[in-house]
Amino acid sequence: MPEENNLISDIDSPKFEEELLRKIAEHPCYDRKAQHKYGRIHLAVAPSCNIQCNFCVREFDCVNESRPGVTSKVLTPQEALEKTKEVLTDYPFIKVVGIAGPGDPLANKETFETFELIKKEFPELTLCMSTNGLLLPEKLEDILRVGVSTLTVTINAIDPEIQAKIVDHIMYHGKIYRGVEAAEIQIKNQLEGVKAAVEAGVVIKVNTVLVPGVNDKHVVEIARKLNELGVYIMNIMPLINQGAFANIEPPTAEERKAVQQACEPYVLQMRHCRQCRADAYGLLAQDMSQMSEERRKLVKIQTKEDIERAREILKEDGKEEA
Ligand code: CLF
Ligand code: SF4
């Protein structure tokens, strides 16, 4: 069971407008209280990636945000819209539409096409995205244009020497960069991008993969930087030891907890992440993409009954007041 976070949603956030506060309160990842009430749908429309992390096996979903060893079926933007319509009709408690892979959303033009279609059809939904941040400064305008209001950037190091141990290479503007040179480009773009996104009113979450012996002593420095940048929440995820990092032991629960505690004075900590698939939908703890048709029907029936019951209560309350 993921640990609970006592601070999320108790935090006072005067800098956000009312509409944004509503979106945070209805976002199952940004507000721990929302996780049992509201759901998200992930649309797996973004297969390409422009970097190579050492813990990534590219036949699977991006592990900077998703569950390891899982391959989501890629959808076209139109298919993604159809799926959203279908799912939302049955499960209206889904308030967030996210694109988190299977690769990097900013490296795929389909990400923006999909968000445009969704925004037109469902203007009230929160649009969410998760990226490695390499293209963030140059894509920020598009991100704002399509209406993304919650954005996750994975920052695993702000020291290029450490980052160079985590990312093997990046592909940037048609050229491959390696080592510290690659790390410098990515970190610069991530930090500049996050700063500009915060200034533009986007609510930022930062994911950090905790890699023992590589960035574990450095994560608190990242947290300090996030505080400076005005990042809303940080999600420290355990290493998934695959790919070139197959021989590194993932952190224990205690080790991760200690790092979270050290970071907490600087930035709010998310402790209820479920490392979802890039095609997950439903509540965080109840991924319906993995349920049998029968169980899905049950969730649907319960949900509709709950809504009916809520309507009845509201009607009665209205009568009493009148
Ligand atoms: Fe998806 Fe990520 Fe948006 Fe949430 S997931 S794009 S912020 S809507 Fe949430 Fe899933 Fe953890 Fe991600 S539980 S893996 S943190
Ligand atoms: Fe893999 Fe994600 Fe890293 Fe790309 S950003 S290499 S998909 S873990």
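Whatever order the structure lists them in is the order used to number ligands and atoms, beginning at 1. Residue numbers count from 1 along this sequence.
- Nearest non-hydrogen protein atom to atom 1 (Fe) of ligand 2 is Cys56 SG, 2.3 Å.
- Scanning all protein heavy atoms for the shortest distance to atom 3 (Fe) of ligand 2 gives Cys53 SG, 2.3 Å.
- With ligand atoms numbered from 1 in the order given, ligand 1 contributes 11 (Fe), 13 (S), 14 (S), 15 (S) to contacts under 4.0 Å with heavy atoms of Cys273.
- The nearest heavy-atom contact from the protein to atom 4 (Fe) of ligand 2 is Cys49 SG, 2.2 Å.
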Next item on the list: Start with the C-alpha distance between Asp104 and Thr131, add both sets of side-chain angles, then the distance that settles side-chain hydrogen bond (donor to acceptor under 3.5 Å, both in side chains), and finish with yes or no.
Entry: CA-CA 6 Å; Asp104 187 69; Thr131 174; 3.0 Å; yes

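- Summary of contacts: the protein heavy atom closest to atom 14 (S) of ligand 1 is Glu65 O, 2.8 Å.
- The Cys276 neighbourhood of ligand 1 comprises atoms 5 (S), 10 (Fe), 13 (S), 14 (S), with distances under 4.0 Å to a heavy atom of that residue.
- Salt-bridge check for Glu116 with Lys119: failed, with every basic side-chain N at 4.0 Å or more from each acidic carboxylate O.
- Evaluated for a side-chain hydrogen bond (donor to acceptor under 3.5 Å, both in side chains) with Glu192, the options Gln190, Lys188, Lys195 yield exactly one hit, Lys188.
- Just one of Asn132, Val219, Leu226 meets the side chain to side chain contact (heavy atoms under 4.5 Å, CB included) condition when paired with Ile155; it is Leu226.
- Annotation: side chain of Cys128 is not in contact with side chain of Leu151 (no heavy-atom distance under 4.5 Å).
- Here the side chains of Val211 and Asn156 are not in contact, with every heavy-atom distance at 4.5 Å or above.
- Atom 4 (Fe) of ligand 1 has Cys29 among its coordinating residues (N/O/S atom, backbone or side chain, under 2.8 Å).
- Atom 5 (S) of ligand 2 has its closest protein heavy atom at Asn64 ND2, 3.3 Å.
- Relative ring orientation between Tyr30 and His27 is described as tilted, the plane-to-plane angle lying within the 30° to 60° band.
- In this structure, Tyr281 contributes its side chain and Leu43 its backbone to no donor-acceptor pair below 3.5 Å.
- Not a single heavy atom of Gln35 lies less than 4.0 angstrom from ligand 1.
- Taking a 6.0 Å sphere around NZ of Lys83, one finds it holds more than 12 heavy atoms contributed by other residues, nucleotides or ligands.
- Using a 4.0 angstrom heavy-atom cutoff, Met237 does not count as in contact with ligand 1.
- By the 4.5 Å heavy-atom criterion applied to side chains, Thr84 and Glu121 are not counted as neighbours.
- Contact between Ile51 and ligand 2 is present, with at least one heavy atom of the residue lying under 4.0 Å from the ligand.
- Each of the atoms 1 (Fe), 5 (S), 6 (S), 8 (S) of ligand 1 lies under 4.0 Å from some heavy atom of His42.
- Per-residue contacts place Leu284 under 4.0 angstrom from the following atoms of ligand 1 (heavy atoms of the residue considered): 13 (S).
- Interface of Arg274 with ligand 1, defined as ligand atoms under 4.0 Å from a residue heavy atom, comprises 11 (Fe), 13 (S).
- Neither the backbone nor the side chain of His272 comes within 4.0 Å of ligand 1, counting heavy atoms alone.
- In terms of protein heavy-atom proximity, atom 7 (S) of ligand 2 is closest to Cys62 CB, 3.4 Å.
- In terms of protein heavy-atom proximity, atom 15 (S) of ligand 1 is closest to Lys205 NZ, 3.2 Å.
- Distance check for Cys128 against atom 3 (Fe) of ligand 1: an N/O/S atom falls below 2.8 Å.
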